[in-house]
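Input: a single structure, listed below in structure tokens.
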There are 2 protein chains.
Amino acid sequence: MPARRTPAMTDRPLRADARRNYDRLVAEAQVAFAEHGADTLLDDIARRAGLGVGTLYRHFPTREALLGAVVQEWTASVRTEAEMLTAQPDAAHALATWLRSLVRHMGVYRGLVAAMAASMEDSASALHPSCQVIADAGELLVTHARRQGAIREDVSAAEVLQMVTGLVWVCEQQPSADLSRLLRLALDSLRPPPHRG
Amino acid sequence: MPARRTPAMTDRPLRADARRNYDRLVAEAQVAFAEHGADTLLDDIARRAGLGVGTLYRHFPTREALLGAVVQEWTASVRTEAEMLTAQPDAAHALATWLRSLVRHMGVYRGLVAAMAASMEDSASALHPSCQVIADAGELLVTHARRQGAIREDVSAAEVLQMVTGLVWVCEQQPSADLSRLLRLALDSLRPPPHRG
DNA sequence: ACCTGAACACCGTTCAAGT
DNA sequence: ACCTGAACACCGTTCAAGT
């Protein structure tokens with residue numbers, strides 16, 4: 001059987017035309033977000049998909065719901081990547097690699113980090129599940145690093161993600177800010193104190 | 001002579017009633033921002049000051065202009081604090097102290113960090129001058145620290161402020177995030193490498 | 001010279017009518 | 001069962017009329 005593309009978040013059955021409209025909306029949203037950021041007019045997305053605004057709202061009652069659908073693919077892939085990196089012998093390197101990958105994904109749409117940061121602890125948000133996937137993945141690698149003593153013991157996975165989220169966001173605000181440099185700094189702060197060996 | 005309160009940013013002469021209105025607007029903005037964040041309806045601010053919206057726009061053509069006026073006092077004080085801390089023998093401690101103070105000020109109004117982050121490198125913004133004051137103050141203390149070898153050589157003042165700005169912002173987004181813990185982490189990342197001595 | 005507030009523009013959201 | 005798009009609500013900004 002052929003692989004289904006962009007599966008719906010809720011897998012309740014949809015009428016054929018509704019399913020097609022759903023997919024079109026996600027596809028157009030992806031393009032529009034990439035072009036104009038996560039705050040693009042929802043009206044435009046509907047129009048570009050050749051549909052009425054009402055249809056968009058029916059499928060995605062909030063902007064976060066639409067973002068969630070658009071983001072679903074890469075959050076899953078980033079989660080898988082984390083699982084694979086767990087096998088890496090050098091856990092500090094694994095974490096660094098994963099964070100660099102995460103950061104690249106969170107930067108594709110301007111405004112996406114902001115949306116994800118806001119949804120991270122808001123379980124009512126339709127973006128929350130995607131955030132949870134990221135949080136779990138982070139937990140995986142931080143735990144892995146902690147077991148190896150490759151990271152300070154007093155730092156939680158949540159804190160690591162908070163730092164990184166903050167850095168991605170500032171870099172979005174300030175053109176001259178250099179994300180890879182800031183990320184390197186942040187990673188340095190995670191090192192275990194040298195005194196204990 | 002009595003000390004003048006809340007001096008206007010531009011010191012061009014104003015008619016007595018205009019000056020009074022200006023001051024009222026700043027005072028009400030301060031209250032409204034503290035209550036509802038930096039995105040409060042400008043309409044409300046005008047109404048609370050007992051003035052028409054047009055008057056607000058006349059004095060403050062953009063929201064940033066109003067924020068700039070509201071923020072002016074503490075940015076100046078934070079700058080003075082930096083100058084005084086330059087006399088501190090322990091430059092790392094001085095920087096840490098200043099950053100903690102800065103962070104406290106940037107957190108008073110929800111949404112203020114976001115506005116300042118956006119204006120930091122946007123010289124067209126009416127908030128830019130206030131940001132520049134902060135940037136200069138930071139430069140002062142980072143240079144001081146660098147002279148003492150109390151900070152890694154490859155970190156700029158701009159980067160320090162970027163990190164800290166990002167942290168304040170995430171903490172505003174996520175209730176469970178602990179700013180003082182994250183700040184401590186960030187400060188650790190600034191330490192010079194132990195190998196050189 | 002400055003103030004007022006109605007008018008305008010913009011955009012997110014809903015809902016009655018249609019298929 | 002789903003779609004459409006006009007209608008509504010909201011809020012930032014302008015500007016003609018007034019003092």
Side-chain angles (χ1 to χ4, degrees), chain A residues 8-29 32-33 35-70 110-111 114-115 118-119 124-127, chain B residues 8-29 32-33 35-70 110-111 114-115 118-119 124-127:
Chain A
M9 296 197 78
T10 72
D11 264 46
R12 70 188 165 88
L14 281 177
R15 217 168 65 179
D17 59 338
R19 148 107 282 139
R20 191 169 50 244
N21 288 341
Y22 180 102
D23 289 340
R24 271 185 196 160
L25 284 166
V26 175
E28 282 308 327
F33 288 158
E35 269 181 40
H36 306 105
D39 299 319
T40 324
L41 306 190
L42 296 181
D43 218 45
D44 280 357
I45 296 177
R47 198 178 306 113
R48 289 168 75 150
L51 300 167
V53 228
T55 306
L56 190 152
Y57 277 94
R58 161 170 276 264
H59 286 296
F60 308 101
T62 62
R63 163 172 256 116
E64 281 72 36
L66 186 51
L67 276 170
V70 163
R110 146 167 286 270
S119 298
S125 164
L127 239 187
Chain B
M9 296 198 78
T10 71
D11 264 46
R12 69 188 164 89
L14 283 176
R15 216 166 68 178
D17 58 340
R19 148 107 280 141
R20 190 169 50 241
N21 290 341
Y22 180 103
D23 288 341
R24 270 184 196 163
L25 285 166
V26 174
E28 282 307 328
F33 287 157
E35 269 182 39
H36 305 106
D39 298 319
T40 324
L41 307 187
L42 295 181
D43 217 43
D44 279 357
I45 297 178
R47 198 179 309 113
R48 289 168 75 151
L51 300 167
V53 228
T55 307
L56 190 152
Y57 277 94
R58 159 170 278 264
H59 286 296
F60 308 101
T62 62
R63 163 172 257 114
E64 281 72 36
L66 186 51
L67 276 170
V70 163
R110 147 168 285 270
S119 298
S125 162
L127 240 188

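For the numbers below, each heavy atom of this structure counts, side chains included, while hydrogens, waters and symmetry mates do not. Just so we're on the same page: letters track the sequence lines, and every chain starts at 1.
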Restricting both atoms to N or O, compile the protein contacts to nucleotides 4-10 of chain D shorter than 3.5 Å, with distance only.
| from | atom 1 | to | atom 2 | distance (Å) |
| --- | --- | --- | --- | --- |
| D/dT4 | OP2 | A/Gly52 | N | 2.9 |
| D/dT4 | OP2 | A/Thr55 | OG1 | 2.6 |
| D/dG5 | O6 | A/Gly54 | N | 3.4 |

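Between A/His59 and D/dC2, a side-chain N or O to OP1/OP2 separation shorter than 4.0 Å is absent.
Between A/Arg63 atom CZ and A/Leu56 atom CG the span is 9.5 Å, to the nearest 0.5 Å. From B/Asp39, atom CG reaches atom CZ of B/Arg110 across 9.0 Å, with rounding to the nearest 0.5 Å. To the nearest 0.5 angstrom, B/Asp44 atom CG is 10.0 Å from B/Glu35 atom CD.
At whole-Å resolution of the value, CZ in A/Phe60 and C1' in D/dC2 are 14 Å apart. Between A/Asp39 atom CG and C/dG12 atom P there is a gap of 9 Å when expressed in whole angstrom units. Taking atom CG on B/Asp44 and atom P on D/dT13, their separation rounds to 14 Å, with Å as the unit. The separation between A/Asp43 atom CG and C/dG12 atom P is 7 Å, rounded to whole Å. B/Arg47 places its CZ atom 18 Å from the P atom of C/dC3, with the value rounded to the nearest Å. B/Leu42 has its CG atom 12 Å from the P atom of D/dT14, to the nearest Å. Rounding to whole angstrom units, CZ of residue B/Arg19 and P of C/dC3 are separated by 12 Å. Rounded to whole Å, atom C1' of D/dC3 lies 12 Å from atom CZ of A/Arg20.
With sequence neighbours left out, B/Ser125 forms a side chain to side chain donor-acceptor pair (under 3.5 Å) with B/Ser119. Residues passing the side-chain contact (heavy atoms from CB on, under 4.5 Å) test with A/Phe33 are A/Ala29, A/Thr40, A/Ile45, A/Leu66, A/Leu67, A/Val70, A/Tyr109, sequence neighbours excluded. For B/Asp43, the side chain to side chain donor-acceptor pair (under 3.5 Å) partners at least two apart in sequence or on another chain are B/Arg47. Residues passing the side-chain contact (heavy atoms from CB on, under 4.5 Å) test with B/Arg24, sequence neighbours excluded: B/Arg20, B/Asn21, B/Ala49.
Closest heavy-atom contact between A/Gly52 and A/Ala46: O-CB, 3.8 Å.
Classified by interplanar angle (parallel below 30°, tilted 30° to 60°, perpendicular above 60°), the ring pair A/Phe60/A/Tyr22 is tilted.
Taken together, the paired segments of DNA chain D that extend over three or more consecutive Watson-Crick or G-U pairs, each closer than 3.5 Å at both contacts, are C:4-8 with D:12-16, C:12-16 with D:4-8.
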